[in-house]
Each structure stands twice: as structure tokens, then as C-alpha cells.
*Asks:* 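Please see the structure below; I have some questions.
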Amino acid sequence: MHAMTDMKTAVSSELAQGTLTSNVELAKQTPPLFGHAMHKLFEFDPSYVNFNHGSYGSLPMPVRVACDKLSARIEANPDKFLRIECVHHWIEARTRVAKLIGANTDECVLVPNTLHGINTILRNFEWHEGDIIIETTTTYNAVSRAIRHLGDIPPYPQVSTCNLQFPTTHADILENWREHIRRVTSEKSDLQETRKVVALIDAIAANPGVRLPWKEMVAICRDAGVWSVVDAAHSIGQELDINLSEAKPDFWVSTCHKWLFAKRSCSVLYVPERNQHVIKSCIPTPRNYCSPRDEGYNGPQSFVNLFQRNGTIDYVPFLSVNAALDFRQWLGGEHKINEYTHNLAIAGGKYLASLLGTSVMDPAGDLTLNMVNVELPIPGDIKYSNEINKLLINTLLVEWNVYAVPYYHNGKWWTRCSVQIWNEISDFEVLANAFKDACQRVVEFAKQ
């Protein structure tokens with residue numbers, strides 16, 4: 001641990017001197033090997049074993065220092081930066097993200113987080129009586145709550161839930177999804193000819209942390225005349241070769257501060273040109289919004305311009321995308337990064353299951369990218385409660401200083417391990433010991 005601290009101190013010194021903050025200088029350095037040597041590029045507590053990058057992200061030191069320099073530049077002359085310079089950095093960030101996900105620059109804007117982006121989409125639809133919003137049982141809880149809220153206010157669009165339970169296969173998911181879409185769209189109604197159906201699709205679900213066949217699910221929606229909104233919070237930086245121009249979702253949102261290593265918080269909202277007429281306002285409504293009631297109205301504001309400035313914010317997280325992409329290129333690029341993390345997730349998940357005496361959710365690995373789901377040794381008749389969840393979290397974080405998300409799904413307790421470039425197989429041993437302790441506490445608590 002002392003050696004790791006010394007390495008981190010040395011890197012911190014280089015960062016302070018500005019020798020690891022520019023593209024040119026960073027390229028002159030050789031990146032550390034993946035595994036524990038990577039800790040020197042992050043600012044974790046040396047004793048913390050982090051298996052939950054997927055929730056909040058983790059900022060690399062070179063990206064953090066680049067952000068600090070950008071903040072200093074902004075504060076040196078806020079008016080000059082925000083009125084003249086910012087837009088050029090903003091365009092660069094959108095251009096580079098668009099290239100990564102296979103989209104055009106002016107189909108991509110930056111928003112604070114994926115939930116913000118999805119709410120922007122849903123709240124711009126003109127809902128009418130009889131319209132239907134489709135979710136699944138694995139839709140992210142806050143997204144599901146947003147859908148429920150829309151169903152609670154006029155004109156009260158209906159909410160339909162597709163049942164997805166894991167373990168399962170992509171083939172079964174597609175069969176289930178196709179049948180649910182068929183059933184919803186064929187329901188007899190006086191409003192059947194005019195009603196709108198909008199489907200929320202996870203690219204990678206949060207809990208369980210599994211990859212869904214989202215491109216095929218989008219195609220099923222397209223063939224049925226159903227709008228597709230893809231919650232891709234965990235995709236960018238974890239899912240390779242996304243290519244939205246080929247997949248053709250109607251809307252797609254992904255978080256840049258999770259797997260891409262941008263500063264918290266930043267997400268990319270993709271709206272293809274064919275659907276930009278749907279987005280009449282961002283949230284909050286900007287000063288350049290054009291109302292049809294305005295004198296001299298010449299049509300709506302362009303999609304991109306709506307999002308360029310909608311209130312005073314800290315633009316550093318948005319612009320940090322550039323530094324994050326530079327950092328990833330320096331490490332070797334998307335395929336090299338994800339080859340390491342995916343292989344470790346597969347091997348580590350099996351190792352953790354063997355240590356716990358349980359099993360992985362996805363033995364074949366078809367639904368697993370860099371998040372692996374492992375059953376916990378808690379009897380299934382011990383159901384979820386806030387008290388049990390809190391006991392698990394406190395034991396892991398306070399007693400053991402390690403964390404992977406515990407959750408209850410389909411009658412069993414599981415953990416989702418987000419595997420990153422700083423992890424090694426030995427980290428799963430630490431996690432196993434922590435979970436053995438935490439799960440035993442849960443069993444004892446349940447007996448009270």
C-alpha cells in the first residue's frame with residue numbers, strides 16, 4: 001500500500017507541474033498496466049476496493065486536473081469564456097462524442113444526466129387521451145417514476161409494463177418484447193388509429209446489470225409504429241461499436257461521467273434529425289425559445305441552439321468529455337479498455353460465485369459486458385426491505401470499505417459488480433469476505 005501511495009504522490013506531483021494535462025505531454029508518458037497500477041491515476045482512498053464505478057463514475061486525475069485548469073480559465077474572465085470561447089469547446093465535445101456513437105454532431109447535445117435527458121424527451125411529447133407508455137420491470141426506478149407521473153396528470157397516458165425477469169436469454173427477451181408490443185398495439189380502442197405508443201428500452205439495465213438486445217428491440221418498435229426511447233445510461237464507454245445511425249432509435253441518452261470518465265455530471269442526448277421537431281424546449285426552457293405566438297415567428301428554434309445555453313451552469317463537466325476521450329485514447333482506446341474489463345468481469349464473477357458458494361446470473365456471458373451479477377448467500381424468503389438494504393450497504397462501506405451494489409430480483413439477492421481498469425482478480429476475494437459478513441448479518445437480523 002505504501003508503494004501505491006508513493007506512486008500516486010509522484011503522479012500528483014507531475015499533475016501539479018502540468019506534465020500530464022495536455023494531449024502532447026500525456027502522449028509522452030507510458031500508461032500504467034491495467035490493474036492495481038492504475039490506482040495512481042485515480043484519487044481513491046488507498047484501502048477502498050471500488051466495484052461500483054457504474055453508479056457515479058470515477059474521475060481520472062489527468063481529467064480532473066484538465067477540469068481544474070478549465071475552471072481557472074473561466075474564472076479569469078467569465079464573460080469572455082461564456083460569451084465567446086465556450087461554444088467552440090462545446091462543439092468539439094459534441095463532435096467527438098457523436099463520432100464515438102456513430103451519429104452526426106448536430107444530432108447530439110449535452111445534458112446534466114440521463115434522467116434529465118429522458119424527462120426532456122417524455123415531456124416534449126404531446127400526449128393525448130389513449131396514448132400508451134411502455135416500460136419494463138427493469139426500467140430504472142427514477143425513469144419509471146417519471147412515467148408514472150405522466151400517467152397521473154392530464155391527459156393521463158396509460159402505462160404498460162413488460163415483464164422481464166432474469167436469468168433469461170436474449171432470445172426470450174425478444175420473444176417477450178415482440179409479443180408485448182403486438183398485444184399493446186392491437187388492443188381495440190376508439191382511439192386506436194390516432195393513439196401514440198412510446199416504449200422505454202434499456203440498452204444495459206441498471207439492476208440487474210445486463211446487456212439487453214436493444215437494437216433488435218428498437219427494430220421491433222419501428223416495425224410496429226412505436227416510438228423508441230433508449231435509456232443507455234451505462235452504454236457509452238462500456239458498449240463497443242454503438243453506431244446509432246445504423247440502429248436508428250428514435251431517441252437515445254447515455255451518461256458520460258460513468259464509463260467514459262468525464263466529470264460528474266454529463267450525458268449525451270441523441271435525437272436524429274427526423275425527430276428533432278418533437279423537442280420544442282429543453283429543461284429549463286431557454287431564453288431563445290421561439291413561440292408560435294411570437295410576433296414575426298418563423299418556425300421553432302433549431303434543436304442544437306435550444307441546448308447551447310439554457311441558464312447559467314458550470315460547463316466544465318460538459319467540456320470534460322474532451323479530456324476524458326484524450327485519456328481513453330492514451331490508455332489504448334475503447335477496445336483495449338473493454339477487453340480488459342470484460343474479461344475480468346467474466347472471470348471475477350465466476351470466482352466470486354465460487355467463494356460465496358452461489359452462481360452467476362449469466363453463465364454463458366451473453367448478457368454481460370463490464371458489470372457481472374452474482375447471487376448472494378441470502379435465503380430467497382428474506383425479502384427486500386429498507387432496513388436490510390441499509391444493513392448491507394453500511395457493512396460493506398463502513399466495516400469493509402468495499403462496495404458493489406446489492407439488490408433483490410426475481411426472488412433472490414444479487415450483487416452487481418462494476419469492473420474497471422483498476423481492478424484485479426484479488427479484489428473479488430476482498431468483496432467475497434465482505435459479503436459473507438454482510439449476508440450473515442442479514443440472516444441474523446431476519447431472525448429477530
*Asks:* Do the side chains of Glu246 and Lys215 get close enough for a salt bridge, i.e. N-O under 4.0 angstrom?
*Replies:* no

*Asks:* Can the ring centroids of Trp90 and Tyr315 be said to lie less than 6.0 angstrom from one another?
*Replies:*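 No, ring centres 6.0 Å or more apart.
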
*Asks:* Considering residues at least two apart in sequence or located in another chain, which fulfil the side-chain hydrogen bond (donor to acceptor under 3.5 Å, both in side chains) criterion with Glu92?
*Replies:* none

*Asks:* For the residue pair Phe261 and Trp422, categorise the inter-ring angle as parallel (less than 30°), tilted (30 to 60°) or perpendicular (more than 60°).
*Replies:* tilted

*Asks:* List the steps and the verdict of side chain to side chain donor-acceptor pair (under 3.5 Å) for Arg416 and Asn52.
*Replies:* CA-CA 8 Å; Arg416 183 198 77 189; Asn52 191 34; 3.0 Å; yes

*Asks:* Would you find more than 12 non-hydrogen atoms of other residues, nucleotides or ligands less than 6.0 Å from Phe166 atom CZ?
*Replies:* yes

*Asks:* Tell me whether the centres of the aromatic rings in Phe51 and Phe428 are closer together than 6.0 Å.
*Replies:*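 Under 6.0 Å, so yes.
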
*Asks:* Applying salt bridge (Lys or Arg N to Asp or Glu O under 4.0 Å) to Arg211 and Asp362, what does each step give before you reach the verdict?
*Replies:* CA-CA 10 Å; Arg211 178 177 68 90; Asp362 175 33; over 6 Å; no

*Asks:* Counting heavy atoms not belonging to Ile153, are there more than 12 under 6.0 Å from its CD1?
*Replies:*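 Enclosed.
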
*Asks:* State whether Asp250 and Arg222 are salt-bridged, where the test is any N-O pair (Lys NZ or Arg NE/NH1/NH2 against Asp/Glu carboxylate O) under 4.0 Å.
*Replies:*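 Result for this pair is no, no salt bridge flagged.
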
*Asks:* Tell me whether the rings of Phe44 and His39 are parallel (<30°), tilted (30 to 60°) or perpendicular (>60°).
*Replies:*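 Aromatic pair Phe44/His39 classed perpendicular.
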
*Asks:* Should Asp68 and Arg64 count as an ion pair when the cut-off is N to O under 4.0 Å?
*Replies:*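 The answer is yes: the pair qualifies as a salt bridge.
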
*Asks:* Restricting to side-chain contact (heavy atoms from CB on, under 4.5 Å), what partner residues turn up for Ile181, sequence neighbours left out?
*Replies:*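 With neighbours one apart ignored, the set is Ile134, Trp177, Thr185, Ile220, Cys221, Ala224, Val226.
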
*Asks:* Compute the ring centroids of Phe251 and Phe125, then answer whether they are less than 6.0 Å apart.
*Replies:*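 When the ring centroids of Phe251 and Phe125 are compared, they turn out to be within the sub-6.0 Å range.
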
*Asks:* State whether the number of non-hydrogen atoms from other residues, nucleotides or ligands found under 6.0 Å of Tyr56 atom OH is greater than 12.
*Replies:* no

*Asks:* Take Phe318 and His89, measure what ring pair (Phe, Tyr, Trp, His ring centres under 6.0 Å) needs, and give me the verdict at the end.
*Replies:* CA-CA 9 Å; Phe318 288 5; His89 298 278; over 10 Å; no

*Asks:* So, is the end of the Lys196 side chain (NZ or CZ) under 6.0 Å from the ring centre of Trp127 and within 45° of the ring's axis?
*Replies:* yes

*Asks:* Flag yes if more than 12 heavy atoms outside His149 fall under 6.0 Å of its NE2 atom; otherwise flag no.
*Replies:* no

*Asks:* Salt bridge check: are Arg94 and Asp106 linked by an N-O gap of less than 4.0 Å?
*Replies:* yes

*Asks:* Just wondering, more than 12 heavy atoms not from Gln329 lying within 6.0 Å of its CD?
*Replies:* yes

